[in-house]
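Below you'll find the structure, written out as structure tokens, and then a few comments.
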Amino acid sequence: MRTNFSVTSSLNEKQKDELLEMYQNEWWSKNRSKDDVDFILQNSSFIIAIINNKNSELCAFSRILTDYFKFSYVYDVIVSTTYRGQGVGKLLLQEITQHPILKKVGSIEVFCRKDTMLFYQQFEFTEDYGLSVAMRKVYCDS
């Protein structure tokens with residue numbers, strides 16, 4: 001499987017358009033615009049994307065925000081509907097959890113729906129936050 005796909009840390013214009021389409025197909029990101037995609041890419045610590053080697057199509061994407069010391073947050077874990085069920089999501093999470101920068105950070109955090117928890121548990125993510133709890137203040141619907 002790995003020979004069919006490659007990993008990249010940047011997207012070309014076609015792949016940015018594909019990312020926008022992927023966002024617009026999801027309940028949590030359906031209102032994102034091209035400007036939002038550009039902003040996200042410019043302001044993430046780094047991204048990890050899976051590309052189809054045959055056609056350079058974007059298959060899966062995630063973005064990471066980190067302080068490079070104690071915390072890393074993985075956002076927007078998304079697999080194109082075309083590639084779901086083919087192990088691409090697992091490949092993406094393997095790349096995230098084995099990334100050399102993230103292996104040096106104290107923890108990797110991911111926020112997910114309850115129905116996707118089993119997927120993340122395969123990669124040793126747990127609900128255990130120790131004495132901490134997640135809290136949120138909302139400013140807008142972004």
Using the side-chain contact (heavy atoms from CB on, under 4.5 Å) rule, take Ser62 and Ile96 through it: C-alpha gap first, then chi angles, then the decisive distance, then the call.
CA-CA 8 Å; Ser62 67; Ile96 292 168; 3.3 Å; yes
Check the pair Phe61 / Gln15 against side-chain contact (heavy atoms from CB on, under 4.5 Å), numbers first and verdict last.
CA-CA 10 Å; Phe61 173 86; Gln15 293 160 346; over 6 Å; no
Evaluate side-chain contact (heavy atoms from CB on, under 4.5 Å) for Tyr73 paired with Ile64, printing each intermediate quantity in order.
CA-CA 6 Å; Tyr73 295 88; Ile64 291 86; over 6 Å; no
side-chain contact (heavy atoms from CB on, under 4.5 Å) between Leu58 and Tyr83: does it pass, once the steps are laid out?
CA-CA 10 Å; Leu58 178 64; Tyr83 294 95; over 6 Å; no
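Inter-residue side-chain proximity for Phe5 and Ile51 is flagged as unmet; no heavy-atom pair is nearer than 4.5 Å. Side chains of Met117 and Cys112 form a contact here, defined as non-hydrogen atoms less than 4.5 Å apart. Two residues are said to be in side-chain contact when any heavy atoms from C-beta on lie closer than 4.5 Å; Leu93 and Phe119 meet this criterion.
Side chain of Ser80 to backbone of Cys59: no donor-acceptor contact under 3.5 angstrom is found. Although no hydrogens or angles enter the test, the distance criterion places no donor-acceptor pair under 3.5 Å between the side chain of Asp38 and the main chain of Asp35.
The environment of NZ in Lys16 is crowded: more than 12 heavy-atom neighbours from other residues, nucleotides or ligands sit within 6.0 Å. Within 6.0 Å of the CD atom in Glu21, the count of heavy atoms belonging to other residues, nucleotides or ligands does not exceed 12.
Thr81 meets the side chain to side chain donor-acceptor pair (under 3.5 Å) test with no other residue; sequence neighbours excluded. In this structure Tyr75 satisfies the ring-ring contact (aromatic ring centres under 6.0 Å, His included) test with no other residue, sequence neighbours excluded. Every residue meeting the side chain to side chain donor-acceptor pair (under 3.5 Å) condition with Asp115, not counting sequence neighbours, appears here in chain and number order: Arg113. Phe39 pairs by the ring-ring contact (aromatic ring centres under 6.0 Å, His included) definition with nothing, not counting sequence neighbours.
Within the model, atoms OG of Ser9 and CG of Leu41 stand 11.0 Å from one another, a figure rounded to the nearest 0.5 Å. To the nearest 0.5 Å, atom CG of residue Leu11 and atom CG of residue Leu19 are 6.5 Å apart. How far OH of Tyr120 is from OG1 of Thr116: 5.5 Å, rounded to the nearest 0.5 Å. Once rounded to the nearest 0.5 Å, the distance linking CG of Leu92 with CD of Glu95 reads 8.0 Å. Distance check: Ile47 CD1 to Thr8 OG1 gives 6.5 Å after rounding to the nearest 0.5 Å. Taking CG from Asn53 and CG from Asn55, the interatomic distance works out to 9.0 Å, rounded to the nearest 0.5 Å.
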Listing, residues 99-111 side-chain donor-acceptor contacts under 3.5 Å, not counting sequence neighbours, or none:
residue	atom	partner	partner atom	Å
His99	ND1	Ile101	N	3.1
Lys103	NZ	Gln98	OE1	3.3
Ser107	OG	Glu109	OE2	2.6
Glu109	OE1	Tyr129	OH	3.1

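Evaluation of the salt bridge (Lys or Arg N to Asp or Glu O under 4.0 Å) test over residues 64-81, restricted to residues two or more places apart or in two chains, returns Arg32-Asp76, Arg63-Asp76.
Heavy-atom minimum distance, Leu65 versus Ser44: CD2-CA, 3.6 Å. Residues Ser45 and Thr66 share a closest heavy-atom pair of OG-N, 3.0 Å. When all heavy atoms are compared, the tightest approach of Ser56 to Lys14 is O-NZ, 3.8 Å.
Salt-bridge check for Glu26 with Arg84: passed, with a basic side-chain N closer than 4.0 Å to an acidic carboxylate O.
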